[in-house]
Amino acid sequence: MSIIVIEVNANFHTIGGKSVLSRSDPIFHEYRMKWDEWPRNFYTGQFPLHLDIEASSVCNLRCEFCETNYEKVGTKYGYMEFDVFKKIIDEGAEYGLYAIKLNSGARGEPLLHKKIVQMVEYAKKKGIIDVYMNTNAVLLTRELGRKLIDAGLDRISISFEGTKPQIYEKYRIGAKFDKVRRNILEFIDLRNSLNSETKIRIQTVATPDILPDIKEYGEYWGKLVDEVAFIDFKDYGARKKDLISDWACPYIWQRMMVTWDGTISVCGFDYTDDHKLRNAKIDTIRAAWKGDEMERIRKLHREGNAHKIAICNGCPFRTTEILKRLE
């Protein structure tokens, strides 16, 4: 059997600006070194480096490329209880958790949570060095932006498709190009006027009709923000199952996901509840991370048998990466 080499961040591509990861903090550098090394060495430590925390599974948009349009969403829609969030952060702080991201992935908009500012503030007070957020920026008003910056938000990724209103509104159903673009520009201006260290990334999904203008996209936003990037387009409607490959996922050595109701899951691509591990309301993240089921999953990935795992068989990330090898 061939030697499996994990390529970290293979679906992510910087095309403008520099990087939101350019920080002088030595602890942050330690974190990012482990981010690369742990998957490559099939090492897990005692606790995840990073947690994807779903503050909200509710979204204010219905995006064309969102997995929830194609996949049965298992957990009912809702918002994470603040006490559950604190329990997660408290445990993470005890075991040296470096980073969190609000939200977890394609499902939900974190700015809909009424206590999102308090979540950022609490995580920073507990010593989490990288408090990170994904948002569609529809609700990113100047007032809310100021509160997030004051709370200590380290970095924010704003999803904004393309450079043309017709393309953006085709994919971001429920949003208006001009309004959201204005929100983004006002947030950039606010960040700059406050001399804040909050890093800003603008990113797009590289759909077939956006990709031809990706250079223009990078040049425009690259003058304004810290980083411009695109993420590989994943065709959720044409996923392939039973693909046999020696490709192994980096996520299972770096991070875990906790959904709004406390469910601890393998990763941010699980929206079906088919692979619940434990629940953070009554269990611990560490028990799930070091548990028998996660060890079984990691073993199958190391052996090139990830297709034998229900959550991984047909996973859009895994499918995309395998098919890229065949191009």
Side-chain angles (χ1 to χ4, degrees), residues 3-12 20-21 23-54 84-102 104-105 122-132 154-155 246-259 262-270 275-306 309 311-312 315 317-318 321:
I3 298 174
I4 293 177
V5 178
I6 292 181
E7 186 177 353
V8 180
N9 302 326
N11 68 328
F12 179 85
V20 294
L21 302 177
R23 287 171 52 177
S24 58
D25 181 356
I27 300 177
F28 183 80
H29 281 271
E30 176 184 88
Y31 157 52
R32 295 310 298 185
M33 181 181 67
K34 291 178 179 179
W35 183 264
D36 289 336
E37 291 182 352
W38 281 20
R40 289 172 180 160
N41 296 321
F42 304 121
Y43 180 74
T44 59
Q46 294 301 306
F47 200 82
L49 298 168
H50 169 108
L51 289 176
D52 292 309
I53 301 177
E54 187 179 66
V84 176
F85 177 80
K86 290 197 295 183
K87 182 176 182 293
I88 294 166
I89 297 300
D90 289 350
E91 183 190 357
E94 180 182 353
Y95 286 102
L97 174 68
Y98 289 99
I100 65 168
K101 181 167 70 171
L102 306 158
S104 57
Y122 188 81
K124 291 306 299 180
K125 285 183 176 178
K126 296 296 288 190
I128 308 303
I129 65 165
D130 189 27
V131 178
Y132 174 30
D154 291 293
R155 53 185 174 122
D246 62 357
W247 184 86
C249 183
Y251 287 5
I252 54 178
W253 282 275
Q254 297 167 324
R255 65 207 290 181
M256 293 193 94
M257 169 177 160
V258 187
T259 64
T263 298
I264 305 170
S265 188
V266 176
C267 77
F269 287 105
D270 181 19
H275 220 95
K276 291 182 178 179
L277 296 175
R278 295 170 184 262
N279 194 290
K281 292 181 180 180
I282 56 175
D283 298 310
T284 66
I285 306 291
R286 185 174 182 275
W289 181 247
K290 300 299 290 183
D292 291 344
E293 181 58 11
M294 280 301 295
E295 289 304 311
R296 182 185 76 87
I297 289 170
R298 292 181 186 115
K299 181 174 184 291
L300 287 169
H301 272 263
R302 287 196 304 269
E303 295 171 348
N305 290 315
I309 306 163
I311 189 177
C312 304
C315 164
F317 178 37
R318 181 175 186 268
E321 292 305 311

For this session: Please examine the side chains of I4 and E303, heavy atoms only from C-beta on, and report whether any two atoms are closer than 4.5 Å.
Result: no
Exercise. Can you name the closest pair of heavy atoms from A123 and I89 and give their distance?
Worked result: CA-CG2, 4.0 Å
Exercise. Rounded to the nearest 0.5 Å, how far does CD1 of I252 lie from CZ of R302?
Worked result: 8.5 Å
Seminar exercise, completed: When every non-hydrogen atom of R278 is compared with those of T284, the smallest separation belongs to CD-O, 4.2 Å
Exercise. Which residues satisfy the side chain to side chain contact (heavy atoms under 4.5 Å, CB included) test with K87, sequence neighbours excluded?
Worked result: none
Exercise. Quick one: CZ on F85 to CD1 on I53, what's the gap to the nearest 0.5 Å?
Worked result: 5.0 Å
Problem set entry | Value rounded to 0.5 Å, distance of CE in M256 from CG in L51 | 8.5 Å
Problem set entry | Sidechain-backbone polar pair: D154 side chain, V131 backbone, donor-acceptor under 3.5 Å | yes
Problem set entry | Passing candidate, ring-ring contact (aromatic ring centres under 6.0 Å, His included) with H50, options W289, W35, W38 | W35
For this session: For A280, enumerate each residue passing the side chain to side chain contact (heavy atoms under 4.5 Å, CB included) test, keeping only those at least two apart in sequence or located in another chain.
Result: I88, V258, I264, I285
Exercise. With a 4.5 Å limit on heavy-atom distance, are the side chains of V266 and M257 in contact?
Worked result: no
Exercise. Who are the salt bridge (charged side-chain N to carboxylate O under 4.0 Å, His left out) partners of R298, not counting sequence neighbours?
Worked result: E295
Problem set entry | Ring centres under 6.0 angstrom apart (W247, F317) | yes
Exercise. If you round to the nearest 0.5 Å, how far is CD1 of I100 from CZ of R255?
Worked result: 12.5 Å
Exercise. From L97 CG over to D130 CG, what is the distance, rounded to the nearest 0.5 angstrom?
Worked result: 10.0 Å
Got a list of side-chain donor-acceptor pairs under 3.5 Å for residues 40-47, not counting sequence neighbours?
| residue | atom | partner | partner atom | Å |
| --- | --- | --- | --- | --- |
| N41 | ND2 | E37 | O | 3.2 |
| T44 | OG1 | K290 | NZ | 3.1 |
| Q46 | OE1 | R286 | NH2 | 2.4 |

For this session: Taking salt bridge (charged side-chain N to carboxylate O under 4.0 Å, His left out) as the test, write out the residues that go with E91, two or more places apart.
Result: none
Seminar exercise, completed: Interatomic distance, CD1@I6 vs NE2@H301, rounded to 0.5 Å, equals 8.5 Å
Exercise. Between R318 and C312, which heavy-atom pair has the shortest distance, and what is it?
Worked result: CD-O, 3.5 Å
Seminar exercise, completed: Across all chains, not counting sequence neighbours, the salt bridge (charged side-chain N to carboxylate O under 4.0 Å, His left out) partners of D90 are K126
Exercise. Under 30°, 30 to 60°, or over 60°: which ring-plane class applies to Y98 and Y31, parallel, tilted or perpendicular?
Worked result: parallel
Exercise. When you look at L102 and E54, which way does the side-chain contact (heavy atoms from CB on, under 4.5 Å) test go after all the steps?
Worked result: CA-CA 6 Å; L102 306 158; E54 187 179 66; over 6 Å; no
Exercise. Looking at V8 and P39, what are the two nearest heavy atoms and their distance?
Worked result: CG2-CG, 4.1 Å
